[in-house]
Amino acid sequence: MTSREKILNSIASNKPALTTLPNVPIFEGDGSIERFKTVLEGIGGRVIEVASKADCQAAIDKYYSDLKNVASDIVKANVAVNLDTTKEILEQVDLAVIQGEIGVAENGTIWVPEINMLNRALPFITQHLVLVLDKNNIVANMQQAYNKLENVGSYGVFIAGPSKTADIEQSLVIGAHGARSMMVLIY
Amino acid sequence: MNHQNHPELAEAFNKDFERTTWHDETLWFVRQKRDKAVYPIPEFQDLRTLASEIKDHTLSNLDNYLIEFEQNAIKNGVKVHWAADAAEHNQIVMDIIKSSCKVEGRNTRMVKSKSMLTEECHLNAFLQKNNIDVVDTDLGERIIQFRDEPPSHIVMPAIHLKKEDVGETFHEHLGTTKGEKDPQILTEAARQHLREKFVAADVALTGVNFAIAETGSFVVCTNEGNADLGVNLAKVHIASMGIEKMIPKLHHLSVYTRLLARSATGQPITTYTSHFTKPAEGKEMHIVIVDNGRTQQLGRADFRNSLKCIRCGACMNTCPVYRRSGGHSYDFTVPGPIGAILSPNIDLHKYSSLPFASTLCGSCSDVCPVKIDIHVQLYKWRQIVGQANELPAAKKWGMKGLAKVLSMPKVYDLGGKLARGALRVLPHGLTHNQSMNPWAKARELPDAPKQSFKEWYEENRK
Ligand code: SF4
């Protein structure tokens with residue numbers, strides 16, 4: 001008998017009588033930009049409202065003029081990143097500006113699917129991360145977010161703020177392994 | 001080596017009074033953060049009920065969900081492996097590395113994000129023996145890996161250490177300045193050190209927080225981004241999961257992602273909630289599904305719902321015994337209240353003291369996001385430990401005597417009278433004889449009343 005059969009047989013003989021699967025309601029809640037902003041700033045992110053998607057460039061010029069190597073398909077970039085980009089090049093990226101799809105007001109998280117990432121490693125290896133988000137795509141909670149999400153594609157991540165750790169004596173440190181800062185441009 | 005039980009190890013931990021107090025307060029601080037994060041969510045209790053019922057249902061149909069998950073994962077181009085126990089899990093991981101990560105003239109390099117399952121399987125030691133260099137990339141795990149210690153908490157593995165300890169460890173292993181203890185500077189040193197490891201890795205191993213039958217996807221939650229960084233830079237991704245990580249549908253994640261981080265650390269959500277479905281072009285993704293005692297626990301009606309645990313650690317943070325005895329005193333991969341109900345299933349003899357490492361106050365059950373009746377299970381394990389004759393000697397004779405006396409009311413009355421008299425006159429050394437009465441350690445008795453309640457009631461009843 002293979003281990004697969006052994007495990008499945010053992011479950012079949014040990015599991016309890018079938019219980020019903022509950023329905024998960026779409027809970028109501030506050031899906032406002034204000035709440036999204038307050039929560040995300042509470043976990044170390046930064047939120048800037050811009051008039052339109054085209055104004056993202058001006059915001060990047062304003063806030064990140066000191067960063068050299070930029071990867072993006074939304075604003076001017078000087079590092080070309082695609083699926084085949086090597087680790088050595090990815091390592092040099094200072095700023096990545098990519099599209100986020102859904103924002104969640106309750107916890108400040110943003111859904112980023114693989115197709116927006118340019119390369120799966122980019123949102124994590126970049127020193128600083130900017131996500132661009134349509135204000136009409138902010139929902140109140142995770143029920144509403146998963147409801148909006150038709151499928152998760154090959155790979156996708158909810159990202160909430162910059163990388164952080166509190167592993168040394170519970171002191172919060174921003175910038176563990178991933179992005180040292182995270183900004184959301186809402187248009 | 002002689003196995004030390006919980007009271008012995010807890011006593012050793014308590015020798016350093018200041019550190020014990022600090023540990024207690026640090027964990028309580030996390031519990032308070034949890035409360036602050038939980039109270040503003042009006043439907044929090046509904047979410048707990050949903051989380052509990054979804055897991056109950058999943059366990060009652062677990063074989064079919066695992067099959068559905070496997071079929072979908074295979075369709076996604078993922079390789080699925082099954083391991084009956086820890087040894088088989090480790091061997092499978094080794095075989096994947098051998099066939100997929102051939103390297104010449106050096107050891108294969110693995111980066112690993114947090115996985116309690118691989119701790120349970122003692123994977124690191126096994127791989128190191130087989131010339132695989134394993135680097136734990138979660139900061140807390142890296143710290144204890146340097147120190148060659150097991151984690152003392154499932155969410156905060158290095159919670160038993162002070163920043164001075166970490167500074168000392170980093171001075172030795174990463175060359176930070178002697179005496180440096182600023183968490184910001186120490187974390188930056190670890191970041192630089194681990195970036196090199198991420199870029200150099202051949203294979204990345206992660207745990208699994210949730211596996212979704214409907215899509216064949218699995219979800220990994222981290223704050224540091226170490227899981228994604230490792231996986232997305234290495235050629236091969238191995239994900240190790242216990243069979244109990246299943247949930248039926250994608251949208252069920254909406255329940256657990258609202259509960260996990262709030263219960264664990266008081267954050268609204270983990271920084272990264274990563275959904276892995278298909279490997280990237282030219283790369284490999286493997287899932288190892290592990291039993292290692294879980295199907296046996298599923299067969300124990302009184303204890304099976306311990307398998308609903310989502311490893312948030314809230315029951316540890318709130319537990320007065322955990323907070324004052326430290327994670328290492330449990331000497332089991334998962335410490336605290338949940339560890340004390342999981343461990344006797346694995347080895348009743350070795351872990352017979354753990355169900356007693358509790359005041360049965362029930363705080364663990366109150367905070368558990370999937371509503372496991374932890375304190376009830378602790379109580380039930382005590383009965384089983386007793387029946388199996390595994391009670392510690394002092395407890396056993398105490399209980400036997402008590403049972404006799406309680407069955408004879410006259411003897412009970414007389415005994416009470418004598419005791420009240422005796423407690424007033426007996427020397428402290430006798431009432432506080434520590435091998436007979438460990439409870440008396442660090443505790444004083446109140447003055448014995450002259451009358452029993454029964455006597456008082458008879459006198460005052462009108
Ligand atoms: S038993 Fe409950 S509270 Fe404890 S770690 Fe598991 S899910 Fe969290």
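Hydrogens, waters and symmetry mates play no part in the numbers below; they use all other heavy atoms, side chains included. Each chain gets a letter, A, B and so on, in the order the sequences are listed, and its residues count up from 1.
A:Ala12 touches chain B through backbone and side chain together, each having a heavy atom under 4.5 Å away. Neither the backbone nor the side chain of A:Leu122 comes within contact range of chain B; no heavy atom of the residue lies under 4.5 Å from a heavy atom of that chain. Interface residue A:Thr126: only backbone heavy atoms are found under 4.5 Å from chain B. Contacts between A:Glu106 and chain B at a heavy-atom distance below 4.5 Å involve backbone atoms as well as side-chain atoms. Heavy atoms closer than 4.5 Å to chain B are found in both the backbone and the side chain of A:Ile159. Residue A:Asn147 does not touch chain B at all, counting heavy-atom pairs closer than 4.5 Å. In this structure, chain B has a heavy atom under 4.5 Å from the backbone of A:Glu28, while its side chain stays farther away.
The pair B:Glu88-A:Lys6 does not count as a salt bridge, with every side-chain nitrogen at least 4.0 angstrom from each carboxylate oxygen. Ionic pairing of B:Glu188 and A:Arg180 is present here: one or more N-O contacts between side-chain nitrogen and carboxylate oxygen are shorter than 4.0 angstrom.
Judged by distance alone, the side chains of B:Glu224 and A:Thr165 do bring a donor and an acceptor atom under 3.5 Å apart. Using a 3.5 Å distance cut-off with no hydrogens or angles, the side chains of A:Glu169 and B:Thr26 do not pair a donor with an acceptor. In summary, the side chains of A:Lys164 and B:Thr271 do present a donor paired with an acceptor at a separation below 3.5 Å, with no hydrogens or angles considered.
Listed for the B:Arg304 side chain is no donor-acceptor partner under 3.5 Å among the backbone atoms of A:Lys15. Distance alone, capped at 3.5 Å, places no donor-acceptor pair between the A:Arg120 side chain and the B:Asp228 backbone. Remark: the backbone N or O of A:Gly178 is paired with a side-chain donor or acceptor of B:Arg191 at under 3.5 angstrom. Here the side chain of A:His177 pairs no donor or acceptor atom with the backbone of B:Arg195 at under 3.5 angstrom.
Between A:Thr19 and B:Glu53 the shortest side-chain heavy-atom distance does not fall below 4.5 Å.
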Original post:
For A:Ile168 and B:Ile143, what are the C-alpha separation, side-chain angles and deciding distance, and is it a side chain to side chain contact (heavy atoms under 4.5 Å, CB included)?
Top reply: CA-CA 9 Å; A:Ile168 301 175; B:Ile143 295 167; 4.0 Å; yes

**OP:** Check step by step if side chain to side chain contact (heavy atoms under 4.5 Å, CB included) holds for B:His81 and A:Arg4.
**Re:** CA-CA 8 Å; B:His81 313 258; A:Arg4 180 183 184 278; over 6 Å; no

Subject >> salt bridge (charged side-chain N to carboxylate O under 4.0 Å, His left out) assessment of B:Lys278 paired with A:Glu114 >> reply: CA-CA 11 Å; B:Lys278 294 180 188 170; A:Glu114 175 179 29; over 6 Å; no

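Contact count against chain A (heavy-atom pairs under 4.5 Å) is highest for B:Leu233 among B:Leu233, B:Asp291, B:Thr270.
Scanning both residues, B:Ile269 and A:Ala160, for their nearest heavy atoms gives CG2-CB, 3.6 Å. Residue A:Pro162 comes nearest to B:Tyr272 through the heavy atom pair C-OH, 4.4 Å, listed as atom of the first residue, atom of the second, then distance. Across B:Leu298 and A:Pro16, no two heavy atoms sit closer than the pair CD1-CD, 4.3 Å. Across every non-hydrogen atom of A:Val24 and B:Ile54, the tightest pair is CG2-CD1, 4.1 Å.
Taking the six-membered ring for Trp and thresholds of 30 and 60 degrees, A:Trp111 and B:His275 have ring planes more than 60 degrees apart, a perpendicular arrangement.
Taking the six-membered ring for Trp, A:Phe124 and B:Phe198 have ring centres at least 6.0 Å apart.
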